[in-house]
Every structure is written in C-alpha cells, then in structure tokens.
Asks: 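This is the structure I have questions about; it appears just below.
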Amino acid sequence: MKVLVIEDDAQTLSFIERGLREVSAAVDTARTGTDGLFLASEEHYDVIIVDRMLPHLDGLSLVRALRSNGKDTPVLFLTAIGGLADRVEGLEAGGDDYLIKPFAFSELLARLRALARRAPSVPVENLLRVGDLTLERLSRRVERAGRLIELQPREYQLLEYLMRHVGEVVTRTMLLENVWGFHFEPRTSVVETHVSRLRTKIDKPFEQELIRTVRGAGYVLSAPE
C-alpha cells in the first residue's frame with residue numbers, strides 16, 4: 001500500500017509515518033496543501049490522508065482540485081474539525097472517509113485498508129532498472145550488482161526521480177521542485193550535496209559511473225555503453 005500523508009503538524013505526521021512504515025506501507029509526506037496537491041497529481045497512491053487545516057491550500061480545496069482534474073484516488077480526511085456539517089462538507093468535497101482527531105492508529109489503518117481495497121487497480125511499475133542498478137519502489141530496496149545500497153530518504157527520492165527519467169537531462173530546478181518540493185530558488189547547494197552523496201554510494205564503489213554531470217544543464221543517469 002502506497003500512502004500520501006498531507007499534514008502540517010510535525011508530531012502527528014511523524015506518528016502516522018512511523019506507524020505505516022511498521023506495517024510495510026510506502027509513505028510520502030507533505031507539510032503544505034500546495035506540496036500535497038503536487039505530489040497527489042504527479043504520483044500514484046493507493047490512499048491519501050489529508051488534514052483540513054493546511055498552510056497555502058486548505059484540505060477541502062486540495063481535494064476539490066484533485067477531483068476536478070480527474071484524480072479518483074481515495075481520500076481520508078484526518079482532522080480536528082468534527083462537526084456533522086463539517087463531515088458532510090468534507091465528503092461532498094470529494095473525500096471518501098472522515099476520521100476525527102485524536103484517533104487510534106489501529107482505526108486509521110483499518111480505514112486506509114478498506115479504502116485501498118475499494119480503489120481501482122492501477123498498474124504501477126514497481127521495479128526500476130538501469131544497467132546493474134535496481135530500485136524496488138514498494139519496498140524501497142536499492143541494489144547494484146547484487147549489493148544492497150542503504151540510502152537516506154532524500155537520497156532515495158533523488159535516485160528514484162533520476163531513474164524514472166533515465167537518459168534524460170534532469171535540471172537542478174526539476175530536482176528542487178520534484179524531490180524537495182521547492183517552487184523557488186533556495187540559494188543553497190542542497191542539490192549538489194545530495195547528488196555527491198548519492199554518487200558516493202551508487203558509483204564510487206563500482207567500475208562504471210551511472211550519474212554524470214551535464215555542464216550548465218544538470219544531471220543524467222544512464223547505463224554504461
């Protein structure tokens with residue numbers, strides 16, 4: 001089960017993410033409505049958890065935008081706004097279920113599984129392969145030449161994006177927007193730093209490099225010729 005959690009409270013977000021990973025769910029997270037809408041629009045998820053009170057774009061508007069764009073991913077509202085009229089409003093906006101805070105994780109998980117069972121089956125490419133490098137999206141397992149490679153969450157996201165665009169020049173701006181969720185120039189070397197760390201794990205222990213820099217343009221991940 002792949003879940004997107006859109007929640008601005010760090011403690012709640014960490015609690016949900018940890019619980020879902022313990023049951024082997026793949027989890028992406030967003031702290032603002034705009035970032036959540038971008039991820040929900042670009043990626044496939046089995047279920048999306050949305051708080052109603054979010055910075056930049058509230059949960060109701062987020063779900064309405066998804067539905068108007070043809071996205072039918074099941075949505076569970078998880079919020080402290082629990083009046084009858086509020087619950088009706090959430091469901092009429094396009095939500096599929098509504099759970100009030102505070103909540104028990106066991107109930108949240110049961111509701112997510114029920115929504116995932118109802119969701120239409122959409123084929124998702126689980127295994128990405130470039131040369132002798134493989135990435136399993138559901139388990140987040142990365143190997144090269146049969147050797148397990150341990151990646152930090154952001155390194156994994158960076159590698160997955162590069163592998164999904166194999167052979168293409170990926171610019172710094174594309175990485176900032178799609179891996180970090182930045183829609184502005186942060187004026188830091190965060191991309192360069194993480195690419196360097198990724199190369200240390202993916203390329204340096206092996207004879208042939210997969211990631212190369214295109215001067216003045218960005219990066220390309222491709223199999224050696």
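All values reported here derive from a predicted model rather than from experimental measurement. Worth knowing before you read on, the calculation uses all heavy atoms, side chains too, and leaves out hydrogens, waters and symmetry mates.
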Asks: When rounded to the nearest 0.5 angstrom, what is the spacing between OG1 in Thr79 and CG in Asp51?
Replies: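 Atom-to-atom, Thr79:OG1 and Asp51:CG are 5.0 Å apart.
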Asks: Is there a path from Ile211 to Trp180 through hydrophobic residues (I, L, V, M, F, W, Y) whose side chains come within less than 4.5 Å of each other?
Replies: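 As far as the 4.5 Å side-chain criterion goes, Trp180 and Ile211 are connected within one cluster.
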Asks: Measure the shortest side-chain to side-chain distance between Leu162 and Val170 over non-hydrogen atoms and say whether it is less than 4.5 angstrom.
Replies: yes
Asks: Could you please spell out the steps behind the salt bridge (charged side-chain N to carboxylate O under 4.0 Å, His left out) verdict for Arg111 and Glu107?
Replies: CA-CA 6 Å; Arg111 289 174 181 245; Glu107 181 180 4; 2.8 Å; yes
Asks: Write down the atom of Leu66, the atom of Ser41, and the distance for their closest heavy-atom approach.
Replies: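 Answer, listing the atom of Leu66 first, then Ser41: CD2-OG, 3.8 Å.
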Asks: Give a yes or no on whether Phe103 and Val23 share a hydrophobic cluster (residues Ile, Leu, Val, Met, Phe, Trp, Tyr; joining criterion: side-chain heavy atoms under 4.5 Å apart).
Replies: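 In one cluster: yes.
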Asks: Between Ser196 and Glu192 (side chain of the first, backbone of the second, donor and acceptor by atom type, cut-off under 3.5 Å), is there such a pair?
Replies: no
Asks: With rounding to the nearest 0.5 Å, note down the distance linking CD1 in Ile49 to CG in Leu99.
Replies: 9.0 Å
Asks: Verify, without hydrogens or angle tests, whether Glu7 (side chain) and Asp9 (backbone) share a donor-acceptor contact under 3.5 angstrom.
Replies: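 Flag set: sc Glu7 to bb Asp9 pair under 3.5 Å.
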Asks: State the CG-CG distance between Leu115 and Asp46, to the nearest 0.5 angstrom.
Replies: 10.5 Å
Asks: Has the side chain of Arg141 got a donor or acceptor atom that lies under 3.5 Å from a matching backbone atom of Leu135?
Replies: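 No; judged by distance alone, with no hydrogens or angles, the pair does not exist.
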Asks: Is it true that Arg140 and Asp28 have a side-chain N and a carboxylate O under 4.0 angstrom from each other?
Replies: yes
Asks: What I'd like to find out is whether the side chain of Phe206 reaches to under 4.5 Å of the side chain of Leu133, using heavy atoms alone.
Replies: no
Asks: Looking at Glu43, I want to see if its CD is surrounded by more than 12 non-hydrogen atoms of other residues, nucleotides or ligands under 6.0 Å.
Replies: yes
Asks: When you check the gap from the basic side-chain N to the acidic O, do Glu160 and Arg137 get nearer than 4.0 Å?
Replies: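 Looking at Glu160 and Arg137, the cut-off is met.
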Asks: Please examine the side chains of Phe77 and Leu60, heavy atoms only from C-beta on, and report whether any two atoms are closer than 4.5 Å.
Replies: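 Yes - at least one pair of side-chain heavy atoms lies under 4.5 Å apart.
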Asks: In terms of hydrophobic clusters joined by side-chain contacts under 4.5 Å, are Leu210 and Met163 together?
Replies: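 In one cluster: yes.
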Asks: Got Arg144 and Asp203 here, is their nearest side-chain heavy-atom distance under 4.5 Å?
Replies: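 Yes, at least one pair of side-chain atoms sits under 4.5 Å.
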Asks: Nearest 0.5 Å, what's the CZ-NZ distance between Arg52 and Lys101?
Replies: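 These two atoms lie 12.0 Å from each other.
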Asks: Are side-chain N/O atoms of Arg172 and Ser189 paired as donor and acceptor at under 3.5 Å?
Replies: no
Asks: With a 4.5 Å cut-off on side-chain heavy atoms, are Val195 and Tyr219 touching?
Replies: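 A side-chain contact under 4.5 Å exists here.
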Asks: So, are Glu89 and Arg87 salt-bridged, with charged N and O less than 4.0 Å apart?
Replies: no
Asks: Between the side chain of Asn69 and the main-chain N/O of Ala65, is any donor-acceptor distance below 3.5 Å?
Replies: yes
Asks: To the nearest 0.5 Å, what is the distance between NZ (Lys201) and CZ (Arg147)?
Replies: 13.5 Å
Asks: Does the side chain of Ile48 come within less than 4.5 Å of Ile6's, by heavy atoms?
Replies: yes
Asks: With side chains defined as the heavy atoms from C-beta onward, is the minimum distance between Leu108 and Leu20 less than 4.5 Å?
Replies: no
Asks: Inspect the contact between Arg67 and Asp96 and indicate whether a charged nitrogen and a carboxylate oxygen are less than 4.0 angstrom apart.
Replies: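 A salt bridge links Asp96 with Arg67.
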Asks: Tyr98, Ile16: one ILVMFWY side-chain cluster at the under-4.5 Å cut-off?
Replies: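 No, Tyr98 does not connect to Ile16 through the hydrophobic network.
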Asks: Mind listing the closest non-hydrogen atom pair of Lys71 and Ala40 along with its distance?
Replies: CE-O, 3.4 Å
Asks: Dump the intermediate steps for side-chain contact (heavy atoms from CB on, under 4.5 Å) on Gln152 and Tyr156, then the final yes or no.
Replies: CA-CA 6 Å; Gln152 295 299 314; Tyr156 170 86; over 6 Å; no
Asks: Write down the atom of Pro205, the atom of Ile202, and the distance for their closest heavy-atom approach.
Replies: CD-C, 4.4 Å
Asks: Hey, does Thr32 have a side-chain heavy atom less than 4.5 Å from the side chain of Asp8?
Replies: no
Asks: Where is the tightest heavy-atom contact between Ala223 and Val130, given as atom of each residue plus distance?
Replies: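 Shortest heavy-atom separation between Ala223 and Val130 comes out as N-CG1, 3.5 Å.
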Asks: So which heavy atom on Leu62 is nearest to which on Gly33, and how close?
Replies: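 Between these two residues, the closest heavy atoms are CD1-O, 3.3 Å.
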Asks: So, Gln11 versus Ser14: side-chain donor-acceptor pair below 3.5 Å or not?
Replies: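 Side-chain D/A pair, Gln11 to Ser14: absent.
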Asks: For Ala93 and Arg64, work out which heavy atoms get closest and say how close.
Replies: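 Reported closest heavy-atom pair: O-CG, 3.7 Å.
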Asks: For the hydrophobic clusters of this structure (ILVMFWY residues joined by side-chain heavy atoms under 4.5 Å, transitively), does one cluster hold both Tyr45 and Val179?
Replies: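 No, it is not one cluster - the side chains of Tyr45 and Val179 are not joined through contacts under 4.5 Å.
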Asks: Met53 vs Asp58, test: side-chain contact (heavy atoms from CB on, under 4.5 Å). Steps then yes/no.
Replies: CA-CA 5 Å; Met53 301 298 292; Asp58 67 89; 6.0 Å; no
Asks: Between Leu198 and Leu151, does the side-chain contact (heavy atoms from CB on, under 4.5 Å) criterion hold? Intermediate values first, please.
Replies: CA-CA 8 Å; Leu198 186 60; Leu151 298 178; 3.9 Å; yes
Asks: If you measure from OG1 on Thr12 to CG on Leu78, what distance do you get to the nearest 0.5 Å?
Replies: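 That separation rounds to 7.5 Å.
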Asks: Set out, in order, the CA-CA distance, both residues' side-chain angles and the distance that settles side-chain contact (heavy atoms from CB on, under 4.5 Å) for Val190 and Leu176, then state yes or no.
Replies: CA-CA 9 Å; Val190 63; Leu176 285 171; 3.9 Å; yes
